[in-house]
Amino acid sequence: MKKFAVIGLGTFGKSLAMELAESDAEVLAIDISEERINEISHPNITAVKFDSTDIKELERFGIKDTDAVIVTIGENFEALLLTCVLLKELGVKRIIARANEEIHKKILKSIGIREEDIITPEEEVAKRLSKLLLSEGFIEFFEITKDYEIAWIKAPKSFFRKNNS
């Protein structure tokens, strides 16, 4: 069973934790807010309240034994950055971090977060939705690289009930 930690249980972090848990992953969900901790409930989720900028707490919950830690703190970049630095110090295998601005991306890269592990949820959803709205017939798509995408499209009616033999 894969094991993840999600730090920051706002709308995005909570949704991510639930999706991972529903996919049979073990999830450690962390937030500083008691209210957010109480909102999350699933048998595969251990929700704990603590400040992720406290290295002793990160160690106590065995965060370095996860497959990845996703830091989704959205309102406090300083806390996100310090959390990422501490996770690197602890030797976490993979750190995925949220960036809300271009400067955040640059700073995260400068501390060693890989570009492919820096996420911008609002930007990515806006890009995906705009392509779906502007491209008639698209059902779903995803980007492989900046130059290549895979798309599922509706087949034209002229293709229905055709036999290739």
Hey, what do you get for [atom1] ([X]) to [atom2] ([Y]), rounding to the nearest 0.5 Å?
| X | Y | atom1 | atom2 | answer |
| --- | --- | --- | --- | --- |
| Ile95 | Ile113 | CD1 | CD1 | 4.5 Å |
| Leu82 | Ser52 | CG | OG | 7.5 Å |
| Leu90 | Ile63 | CG | CD1 | 8.0 Å |
| Ser110 | Ile103 | OG | CD1 | 9.0 Å |
| Glu123 | Glu101 | CD | CD | 11.0 Å |

### Query
Does atom NZ of Lys93 have more than 12 heavy-atom neighbours from other groups under 6.0 Å away?
yes
### Message
If you count every heavy atom of other residues, nucleotides or ligands that lies below 6.0 Å from Lys3 atom NZ, does the total exceed 12?
### Response
yes
Could you tell me if the side chain of [Y] sits less than 4.5 Å from the side chain of [X], heavy atoms only?
| X | Y | value |
| --- | --- | --- |
| Glu115 | Leu108 | no |
| Asn100 | Phe77 | no |
| Ile30 | Phe50 | yes |

#### Entry: Side-chain (Thr53) to main-chain (Thr83) donor-acceptor, under 3.5 angstrom
no
### Query
Residues in side chain to side chain contact (heavy atoms under 4.5 Å, CB included) with Glu116, at least two apart?
Arg114
Closest contact, heavy atoms only, [X] versus [Y]:
| X | Y | value |
| --- | --- | --- |
| Asn76 | Ile73 | O-CG2, 3.6 Å |
| Ala99 | His104 | CB-CB, 3.8 Å |
| Ala97 | Leu80 | CB-CD2, 4.4 Å |
| Asp67 | Arg94 | O-CB, 3.7 Å |
| Cys84 | Ile111 | CB-CD1, 3.8 Å |

### Query
Any chance the side chains of Asn38 and Arg36 put a donor and an acceptor closer than 3.5 Å?
no
Under a 4.0 Å N-O cut-off, is there an ion pair linking [X] with [Y]?
| X | Y | answer |
| --- | --- | --- |
| Glu57 | Arg60 | yes |
| Lys127 | Glu124 | no |
| Glu122 | Arg98 | yes |

### Query
Is Ile7 reachable from Ile118 through a run of I, L, V, M, F, W or Y residues, each pair having side-chain heavy atoms under 4.5 Å apart?
yes
### Member of Val69, Leu58, Asp65 meeting the side chain to side chain contact (heavy atoms under 4.5 Å, CB included) criterion with Val92
Val69
### Query
Should side-chain heavy atoms under 4.5 Å link Ile, Leu, Val, Met, Phe, Trp and Tyr, which residues sit in the same cluster as Ile45?
Phe4, Val6, Leu9, Phe12, Leu16, Met18, Leu20, Val27, Ile37, Ile40, Ile70, Ile96, Ile119
### Task
Scan for side chain to side chain donor-acceptor pair (under 3.5 Å) pairs involving residues 17-31, sequence neighbours excluded, and state none if there are none.
Glu22-His42
